[in-house]
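Have a look at the structure below, then the notes.
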Protein chains: 2
Amino acid sequence: MVTQWPTADDDAERVPLTVVDRIKRYILINRLSPGDPMPTENELSDQLAVSRSRIREAMKTLSALDIVEVRHGYGTFVGAMSLTGLAESLAFRGMLTSHRDKHFLADLIDLRELLEVNWAPLVVERLDADTVAAMRALATTMVDLAAQGREFPVEDRQFHQLLVATSGNALVGQLLDVFWQVHSLVSETLGPASLLPETAQAHHAILDAIESRSAESLEAAIRRHYAPIRERMRRATDGL
Amino acid sequence: MVTQWPTADDDAERVPLTVVDRIKRYILINRLSPGDPMPTENELSDQLAVSRSRIREAMKTLSALDIVEVRHGYGTFVGAMSLTGLAESLAFRGMLTSHRDKHFLADLIDLRELLEVNWAPLVVERLDADTVAAMRALATTMVDLAAQGREFPVEDRQFHQLLVATSGNALVGQLLDVFWQVHSLVSETLGPASLLPETAQAHHAILDAIESRSAESLEAAIRRHYAPIRERMRRATDGL
DNA sequence: ACAAATTTGTACGTATGTATT
DNA sequence: AAATACATACGTACAAATTTG
């Protein structure tokens, strides 16, 4: 097995592995995949020779990182190792510090824009008509909702997921989705939404650019999409 | 049993908040900052009317996300909400799946390169001479170590931290550092390092480009820096 | 340097709630 | 509908670590 484990040189300094690490090692050694069942807490308690409470506390840690997934009354399974923990941590950080630290949301928006813009050439080249049609429907729904003064989080999130899916980089897709969630949660604390129609319309503009097959237009459209979002942020943080 | 959760100041909730959420709410409401002391486990157990084991399990979750920081025998404090949880989760995902899913490390490298390249113009414009000198010293150390066949993780990490610090985007700096850690950990499982001299020398080339004040050269130098890293990855995954 | 006090860490037993078959 | 397997919850006792006097 690849997992390096006490190789002669560290028996003086040898600190016993934590329960968390031993459970991780169990998953690694047994080559488990996401979704595979883990031993029950009682079995782990026996195998690792620690109490149930210790196992449970370790499972809470692993579960927070989505390394395991606990299904109440049924069992524990290897998790998908998604970025839900990052979302939770960042969202809390944003809610706690965005009053004092206006950079946080700004940095987040900059990152979102940068990552989306970066794949503009690829998107223009590869985005297929069906996906564009689906995105067009979402954009239309957004405009309708905005006209009624309603927000459109579900549509917006899915739109951006489809946009970045073309990149072929799964990690970026997951990261951007996390940033979307964090932005959505934190911006709620800044008061009611504003500039809804402008934001909704910006999605149509993005699709127009894609259909015009111009990477430059797409980049510009994406940047324009973030303008009203930044403007809203500016208004909110100015009023401190 | 369920002893109705008795905090009188908020009762609009249909489904009772989890212990984790109630502790988060405590931090939010009391406007605590990272480093501020939390109540002891016994106090929280009394205040929230749940057993200490429950409190401890919630603390494990919060601690995994660095929302609280627990110090044995001393107390619990509000955490820095760093990205350590992300690093742990991604590193484990990489170690578990990189054998089967070669995209993971590739996506990670692409992201690192993209983020560093993006701020090349700013770096060329703003990186001060002192920082460049410090980075030069690091690069020289790297070359020396490489010549002895030794690796240089500490120097490499610090080099890239200094490089991206210029961006002014703290979030990007933290993310890149996480990616560095994950890459470092996961690539260990691919076998011994290779192409060390090339990689070390690439850092000098980056500094040369910065001193030549050309954003284009810097971008090219950064991309060349990642070439031997990708090459090593290719060799490792080809041998599956 | 020592000891006491405080606080988190570990263990275990028992009872209860919950999802699946 | 019942049985089973499993996670959730509580309480107590003691161990280990850290600060403070």
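Here the structure is a predicted model, which means the values were calculated and not measured. Chain letters run A, B, ... following the sequence lines, proteins first, then strands; residues in each count from 1. Heavy-atom basis, side chains included; hydrogens, waters and symmetry copies ignored.
The CD-P distance, from Glu57(B) to dT8(D), rounds to 8 Å in whole Å. Atom-to-atom, CZ of Phe77(A) to P of dT20(C) comes out at 9 Å; the value is rounded to the nearest Å. Separating the CZ atom of Arg52(A) from the P atom of dC6(D) is a distance of 11 Å, rounded to the nearest angstrom. The distance from atom CZ of Arg56(B) to atom C1' of dT8(C) is 6 Å, rounded to the nearest whole Å. What separates CD of Glu41(B) from P of dT7(C) is a distance of 11 Å, to the nearest Å. Note: CG (Asp46(B)) to P (dC10(D)) measures 12 Å, nearest angstrom. As rounded to whole Å, 12 Å separates atom P of dC12(C) from atom CG of Asn42(A).
Cation-pi geometry between Arg93(B) and Phe104(B) is not met: the NZ or CZ atom fails to fall both under 6.0 Å from the ring centre and inside 45° of the normal.
Listed in residue order, the members of residues 59-70 of chain B having a heavy atom less than 4.0 Å from DNA chain D come to none.
Backbone-only engagement by Arg71(B) is indicated by non-hydrogen atom pairs under 4.0 Å involving sugar-phosphate atoms exclusively. In this structure, Ser53(B) reaches the bases: a heavy-atom distance under 4.0 Å links it to at least one base atom across the strands shown.
The phosphate of dT4(D) (OP1 or OP2) has no side-chain N or O of Tyr74(A) nearer than 4.0 angstrom.
Not a single donor-acceptor pair under 3.5 Å links the side chain of Asp36(A) to the backbone N or O of Val78(A).
Of all nucleotides present, only dA7(D) satisfies the Watson-Crick or G-U wobble test against dT16(C), with each distance under 3.5 Å.
With sequence neighbours left out, the side chain to side chain donor-acceptor pair (under 3.5 Å) criterion links Arg54(A) to no other residue.
Between Glu88(A) and Lys24(B) there is a salt bridge, since at least one side-chain N of the basic residue sits less than 4.0 Å from a carboxylate O of the acidic one.
Of the candidates dT10(C), dT7(C), dA17(D), dA17(D) carries the atom nearest the His72(B) side chain, counting heavy atoms from C-beta on.
Not a single donor-acceptor contact under 3.5 angstrom links the side-chain atoms of Arg54(B) to the base of dG11(D).
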